[in-house]
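This report refers to the structure that appears directly beneath it.
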Amino acid sequence: MQLQVARIGKPHGIRGEVTVQVLTDAPGDRFVPGTEFVVEPASAGPLTVISARWNKDILLLAFDEIVDRNQAETIRGAKLFVETDELAEDDDEGWYEHELVGLEVRVGGHVVGKIAALNTMPVQDLLMVTTPEGTEILVPFVEQIVPEVNVEGGYILVTPPAGLFEVNADDAETPESPEGTA
């Protein structure tokens with residue numbers, strides 16, 4: 001099974017280093033020199049780590065296959081995966097992005113969209129939900145708002161605060177000026 005461990009960000013410097021969004025709880029184990037990653041899109045990889053270092057709270061990686069800033073720019077946005085069979089079936093601590101993407105998002109008995117992505121943030125994670133109309137809504141991935149995740153059933157249940165799914169709606173009521181006034 002493949003497990004996504006990072007998403008490549010912008011280039012850093014002129015020697016091909018890149019910033020990465022870390023998507024693993026064990027970066028010290030995953031990003032060691034010699035580690036080879038499966039890359040999505042496949043045309044960008046595979047990539048082999050030659051150095052990993054922290055710059056404040058941002059992880060910087062250098063790869064054997066990427067030698068300068070121009071090459072680093074071509075892999076921006078790529079996803080890094082490792083092959084693993086370490087996933088425990090009874091792990092109740094959380095979910096991986098690949099488990100959540102595509103699940104229906106339900107409010108009560110109504111489907112309000114599908115999960116398009118999981119954005120991992122320092123304070124809390126956000127689910128990117130795409131509505132049937134194509135609007136993207138960010139939903140805080142906290143137990144109070146997402147009380148149930150049923151991967152096997154293909155859905156998550158949300159109890160959003162008032163207005164969360166209407167905040168970006170184009171058909172929101174706007175006050176109109178009375179006709180005939182100058």
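All values below were derived from every heavy atom in this structure, side-chain atoms included, with hydrogens, water molecules and symmetry-related copies excluded.
- To the nearest 0.5 Å, atoms CG (Leu157) and CG (Asn150) are separated by 10.0 Å.
- Residues Val49 and Ile66 share a single hydrophobic cluster, defined by chaining ILVMFWY side chains whose heavy atoms lie under 4.5 Å apart.
- His12 is not listed as a side-chain neighbour of Val20, based on a closest heavy-atom distance of 4.5 Å or more.
- Pro11 approaches Arg76 most closely through the heavy-atom pair CD-NH1, 4.4 Å.
- Counting all heavy atoms, side chain and backbone alike, Leu61 lies closest to Ala52 at CD2-CB, 3.4 Å.
- For the pair Val18 and Ile75, the minimum side-chain heavy-atom distance is below 4.5 Å.
- The closest donor-acceptor contact from the side chain of Glu136 to the backbone of Val129 lies at 3.5 Å or more, if one exists at all.
- Atom-to-atom distance recorded for Leu59:CG and Gln21:CD is 11.5 Å, nearest 0.5 angstrom.
- A donor atom on one side chain and an acceptor atom on the other are found under 3.5 Å apart for Glu133 and Thr131.
- Residue Arg30 holds its CZ atom at 12.0 Å from CG of Leu80, rounded to the nearest 0.5 Å.
- Linking Ile, Leu, Val, Met, Phe, Trp and Tyr whenever their side-chain heavy atoms come within less than 4.5 Å leaves Leu23 and Leu100 in two separate clusters.
- Residues Val107 and Ile145 are members of one and the same hydrophobic cluster, defined by side-chain heavy-atom contacts under 4.5 angstrom among Ile, Leu, Val, Met, Phe, Trp and Tyr.
- Side-chain atoms of Leu138 and Leu127, non-hydrogen and from C-beta on, never get closer than 4.5 Å to each other.
- Annotation: side chain of Tyr155 is not in contact with side chain of Val105 (no heavy-atom distance under 4.5 Å).
- In this structure, the side chains of Val38 and Val82 stay at 4.5 Å or more apart for every pair of heavy atoms.
- Looking at Thr19, its side chain does come within 3.5 Å of a backbone N or O of Lys10 through a donor-acceptor pair.
- Side chain of Thr130 to backbone of Gly134: no donor-acceptor contact under 3.5 angstrom is found.
- No side-chain heavy atom of Ser51 sits less than 4.5 Å from a side-chain heavy atom of Phe63.
- Formation of a donor-acceptor pair under 3.5 Å by the Asp68 side chain with backbone atoms of Gln71 is found in this model.
- Smallest separation of non-hydrogen atoms from Glu99 and Val151: O-CG1, 4.0 Å.
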(Q) Please evaluate residues Leu126 and Phe141 with respect to the criterion side chain to side chain contact (heavy atoms under 4.5 Å, CB included), reporting the C-alpha separation (whole Å), side-chain torsions for both, the decisive distance (0.1 Å), and the verdict. (A) CA-CA 5 Å; Leu126 297 171; Phe141 195 17; over 6 Å; no
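- Two different hydrophobic clusters hold Val111 and Ile156 under the rule that ILVMFWY side chains link at heavy-atom gaps under 4.5 Å.
- We find that Glu17 and Arg53 are joined by a salt bridge, their nearest charged nitrogen and carboxylate oxygen being less than 4.0 Å apart.
- Cluster annotation: Ile50 and Phe31 are assigned to distinct hydrophobic clusters (Ile/Leu/Val/Met/Phe/Trp/Tyr, side-chain heavy-atom contacts under 4.5 Å, transitive).
- Put simply, CG on Leu47 and CZ on Phe37 are 8.5 Å apart, with the number rounded to the nearest 0.5 Å.
- Of all the heavy atoms in Phe81 and Glu40, the pair that sits closest is CE1-CB, 3.6 Å.
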Q.
Glu65 vs Thr48, test: side-chain hydrogen bond (donor to acceptor under 3.5 Å, both in side chains). Steps then yes/no.
A. CA-CA 7 Å; Glu65 300 82 0; Thr48 306; 3.1 Å; yes
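- Judged by distance alone, the side chain of Arg69 and the main-chain N or O of Gly13 form a donor-acceptor pair under 3.5 Å.
- Residues Val101 and Leu118 fail the side-chain proximity criterion, which asks for heavy atoms closer than 4.5 Å.
- A 4.5 Å side-chain heavy-atom check between Val146 and Val139 finds at least one atom pair inside the cut-off.
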